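Have a look at the structure below, then the notes.
Bear in mind that the values here come from a model prediction, so they are computed numbers and not experimental data. Below, all heavy atoms of this structure are taken into account, side chains as well, without hydrogens, waters or symmetry copies.
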Amino acid sequence: MAKEAPVLEAIDQTAPASHSSGPGVVYEWLTTVDHKKIGIMYIVYALIFLVLAGAQALLMRIQLAVPNNHFVTPQVFNRLFTMHGSTMVFFVGIPILFGFGNYLIPLMIGARDMAFPRLNAFSFWISAFGGILLYLSYFAGSGLYGAGSAPDVGWFAYAPLTAKVFSPGHSTDYWTLSILMSGIGTTGTAINIVATVICMRCKGMTMTRMPLLVWLLLVTSCMVFVAVSPLTAAQIMLTLDRYLGSHFFDTQAGGSAVLWMHFFWIFGHPEVYILVLPAFAFINEIVPVFSRKAIFGYSAMVAASVGIGFISLSVWAHHMFTVGMGPAGNTFFVFATMVVSVPTGIKMFNWLATIWGGRVRFRTPMMFAIGFLFQFLMAGLTGIMLSAAPFDWQLSASYFVVAHFHYVLVGGILFALFAAFYYWYPKITGRMMSETLGKWHFWLFIIGFHLTFDFMHIPGLLGMPRRIYTYEAGRGWEYWNLIVGIGAMVQAIGTLIFVYNLVHSYFRGKIAGPDPWDAWTLEWSTASPPPSYNFAVEPNVGSRRPLWDLKHPEDPDSSYE
Amino acid sequence: MMQSDNQNRDGHTTRAHAGAVQLPAPTIWPIVFAFGLALIFTGMVTHWIMSLLGALLVIPGIVGWFLEVLPREHHVYVPVSAEIIPVVGTHTTGAQRPAGPNHRKLLPIETFSITAGIKGGLAGGTAMIVPAALYGLIRYHSTWYAVNLLAAGGFVSWAGESDAFLAQFHPLGLLAATGIHTTASLLIGLLYGAMLPMFPRKPIVSAGFIAPFLWTGLLYSALGVISPILDRRINWLWFVISQIAFGLVAGFVVNRQVKVRTAQFQALPFAVRAGLHTSAKDEGPDHP
């Protein structure tokens with residue numbers, strides 16, 4: 001096999017930058033088009049919303065911890081679950097994953113910046129303003145002249161509840177418009193990622209040598225084009241209904257509530273994969289480094305990711321089995337949903353095969369990655385259960401479903417995100433996060449997670465519907481809900497330790513150096529934090545693990561690929 | 001060193017002579033444009049004055065952005081000072097130990113082809129029809145009962161139908177049952193093709209009895225959840241008989257197919273591959 005020139009053996013570092021302070025720093029960040037700074041802003045902004053939405057979750061769990069509780073009013077409870085869901089999906093999940101994508105993709109493919117740096121800045125800011133607009137509703141939900149109230153129609157805002165007659169005032173409009181703005185930003189970033197990956201790879205980095213993280217974010221971005229467009233269309237139609245009196249979703253005037261469901265879930269289910277594929281991407285990078293082995297089945301991993309991308313676009317109506325779609329529709333969506341587990345299973349086996357026989361190092365990123373593997377598997381199993389239409393008829397809109405998707409979103413995606421934080425924090429800040437605090441965070445969070453979401457399945461099986469404000473004693477739900485509430489508190493403590501670790505390590509953390517994990521992808525060949533131009537000279541790679549080639553010239557991967 | 005600018009693949013230009021890298025210049029216009037758009041939307045839920053203000057920001061935002069890239073894109077030069085960052089591994093590596101010969105036994109040098117699994121699945125699926133039809137004939141005097149019962153798993157409206165209804169011929173039921181049965185038979189046939197080489201001893205027992213008993217047990221515990229309609233009406237004794245019929249026939253057909261060589265075969269010494277040297281067995285228990 002042809003042996004190609006490896007990546008640079010020495011990387012230049014920029015001269016010390018001139019230090020500006022106060023307004024100068026603020027102006028610098030407001031006007032930046034540097035992908036790294038935009039990535040950091042995405043991540044910090046998402047973390048702020050994560051804390052907000054987490055606090056909302058805690059309030060809900062306090063309300064449900066005991067029967068007949070009146071900790072919050074029913075109206076406030078409705079707003080809490082609406083804001084919690086909307087914030088987590090649109091203003092935490094997507095931004096934080098795109099933040100990591102923004103930061104890492106140019107570094108991993110040996111580029112200086114994203115393809116469209118100004119569009120990148122615009123996409124971030126429009127998304128950020130969308131989040132701010134959503135939370136402005138707490139102060140001005142009925143318009144500036146009325147009392148404030150946040151949206152209360154649920155994160156998927158089913159028609160006809162969103163009609164003007166059932167949702168007077170502007171609270172629902174805040175939801176619609178803020179998500180419309182978020183959609184503009186998401187699409188802009190997706191365009192940027194696709195263009196960057198296709199056009200800006202360094203010399204030698206063919207598509208088959210790209211890091212898997214880059215591949216998965218490419219697939220995710222392509223999915224964004226297909227999935228976000230129907231949501232944006234639906235938001236515009238709903239706005240027309242509410243402002244101009246059109247009847248798209250007005251069931252009294254010939255509109256269709258089911259049409260909204262289709263529009264929403266054509267976005268909504270691929271959205272799960274839009275969130276989970278970047279999580280897979282993190283695991284693809286972390287597991288091999290901490291197992292000291294190359295990823296098992298690179299080609300199969302790429303194929304499975306593309307397969308998931310396609311199949312996940314055809315499963316949306318499994319959220320609608322109780323609508324009564326008829327046998328043909330039900331059968332199709334049952335099978336399509338079950339089929340998506342095949343490429344996902346391939347990934348799971350490949351991760352296990354990567355770990356198998358490796359010299360595993362149980363540092364904090366790897367511990368979170370292993371937590372992800374186990375919990376995502378469990379989440380997949382309950383997903384297969386719910387994909388069977390008759391099972392779904394029994395448990396749709398119950399706490400079993402809530403437990404299932406939180407297993408995916410928290411047990412899967414959030415664990416992968418935590419792993420990513422511990423793994424790339426040294427690259428972003430130049431300092432290591434504390435391992436001791438990291439392990440406290442891991443153990444508290446995993447215990448809290450299992451207390452919360454394992455036991456949340458049981459009240460669901462016992463018939464507890466989601467979104468209920470309170471419940472009578474004696475139904476067998478109270479003990480489970482108490483355990484769930486305690487688990488949520490334990491998770492909150494773990495999260496606080498994480499936030500403390502982030503801040504403390506920034507000032508007091510051990511200096512990381514350019515490559516603290518002895519890793520193999522290009523971002524670790526430059527300084528930590530990287531200079532604004534990333535690489536002084538364009539790298540040239542000869543394999544999927546360019547740094548391995550440099551560190552082991554006697555046995556480079558380029559000899560085998 | 002070159003004195004002219006070098007255009008890189010990523011579109012940025014490197015001024016090597018100055019030890020500087022050219023990057024896109026920071027700009028205020030994207031945030032101005034985004035803020036203007038946000039104010040237009042905010043005006044829709046607050047006061048039209050906000051939208052007006054937003055429009056007033058959007059216009060300079062767009063114009064400023066255009067002027068940022070036309071006629072020439074604005075750049076800044078970022079100085080680069082050389083500092084060598086050594087790229088060295090911190091972990092030691094050792095020579096890979098040769099795999100013990102016992103490991104090779106886990107990797108079959110021959111296996112069944114995919115078509116073997118398909119043939120086995122189709123044959124097993126056909127064989128399974130016989131006891132299923134026999135059950136319907138004996139119990140309900142109709143061969144269509146089992147067909148419609150299988151189809152009822154996908155038809156909610158058939159949940160409350162009588163036995164007499166299920167004993168009649170329904171083209172839709174036949175179509176649905178054929179689809180379900182063919183798909184399931186093919187998938188299990190493929191599984192047989194993949195797994196039978198792993199259990200070479202007593203193939204009749206493993207394929208004909210153990211495997212059908214295992215999946216029948218699994219279905220028995222889960223069918224109430226997967227398809228309550230089937231669960232209420234199914235006769236488990238006849239179900240087991242039909243599964244054994246499937247397992248025996250599918251296993252027999254798969255086992256009769258010619259095996260194909262796997263990638264592991266290529267790893268064998270040429271003498272062995274050429275048939276000049278019998279391997280392994282003759283040389284001791286550690287060889288495949």
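- Distance CD1/B:Ile28 to OG1/A:Thr31: 6.0 Å, rounded to 0.5 Å.
- When the heavy atoms of residues 56-68 of chain B are compared with those of chain A, the residues falling under 4.5 Å are B:Trp65, B:Glu68, listed by number.
- Residue contact with chain B, scored on non-hydrogen atoms closer than 4.5 Å, is absent for A:Trp520.
- Between B:Ala38 and A:Phe129, the closest heavy-atom pair is CB-CB, 3.6 Å.
- With a threshold of 4.5 angstrom between heavy atoms, A:Arg292 approaches chain B through side-chain atoms but not through N, CA, C or O.
- Enclosure of atom OH in B:Tyr220 is not indicated, since only 12 or fewer non-hydrogen atoms of other residues, nucleotides or ligands lie within 6.0 angstrom.
- Residue A:Ser123: no heavy atom, backbone or side chain, is found under 4.5 Å from chain B.
- A donor-acceptor pair under 3.5 Å links the side-chain atoms of A:Tyr243 to the main chain of B:Met44, judged by distance alone.
- For chain B, no part of A:Phe124 is nearby; none of its heavy atoms comes within less than 4.5 Å.
- A distance of 9.5 Å separates CD1 of A:Ile132 from OG1 of B:Thr42, quoted to the nearest 0.5 Å.
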**Prompt:** Going through the distances and angles, do A:Val33 and B:Thr27 end up as a side-chain contact (heavy atoms from CB on, under 4.5 Å)?
**Reply:** CA-CA 7 Å; A:Val33 291; B:Thr27 168; 3.9 Å; yes

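- With sequence neighbours left out, B:Ser185 forms a side chain to side chain contact (heavy atoms under 4.5 Å, CB included) with B:His181, B:Phe246.
- In this structure, B:Trp215 places its CH2 atom where more than 12 heavy-atom neighbours from other residues, nucleotides or ligands lie under 6.0 Å away.
- Your options are A:Leu30, A:Asp555, A:Thr331, A:Asp515, and the one with the most heavy-atom pairs under 4.5 Å with chain B is A:Leu30.
- For A:Trp393, the part lying near chain B is the side chain, with the backbone staying farther off; criterion is any non-hydrogen pair under 4.5 Å.
- Heavy atoms closer than 4.5 Å to chain A are found nowhere in B:Ala222, neither backbone nor side chain.
- In this structure, B:Phe35 CZ and A:Trp125 CH2 are separated by 11.0 Å, a value rounded to the nearest 0.5 Å.
- Between A:Ser532 and B:Leu23 there is a side-chain heavy-atom pair separated by less than 4.5 Å.
- If you take CD1 on B:Ile31 and CH2 on A:Trp29, they are separated by 13.0 Å, rounding to the nearest 0.5 Å.
- Using a 4.5 Å cut-off between non-hydrogen atoms, the part of residues 175-185 of chain A that approaches chain B consists of A:Leu177, A:Leu180, A:Met181, A:Ile184.
- Closest non-hydrogen pair, A:Ala536 versus B:Val21, comes out as O-CG2, 4.2 Å.
- Note that CZ of A:Phe139 and OG1 of B:Thr46 are 14.5 Å apart. Values are rounded to the nearest 0.5 Å.
- Using a 4.5 Å heavy-atom threshold, the side chains of B:Pro24 and A:Arg118 count as touching.
- The local environment of CG in A:Leu381 is crowded, with over 12 non-hydrogen atoms from other residues, nucleotides or ligands closer than 6.0 Å.
- Neither the backbone nor the side chain of B:Val32 comes within less than 4.5 Å of any heavy atom in chain A.
- B:Leu37 is listed as a side-chain neighbour of A:Ile126, based on a closest heavy-atom distance under 4.5 Å.
- Evaluation of the side chain to side chain contact (heavy atoms under 4.5 Å, CB included) rule for B:Leu174 yields B:Trp144, B:Val147, B:Phe169, B:Thr178 as partners, not counting sequence neighbours.
- Neither the backbone nor the side chain of A:Arg242 comes within contact range of chain B; no heavy atoms are under 4.5 Å apart.
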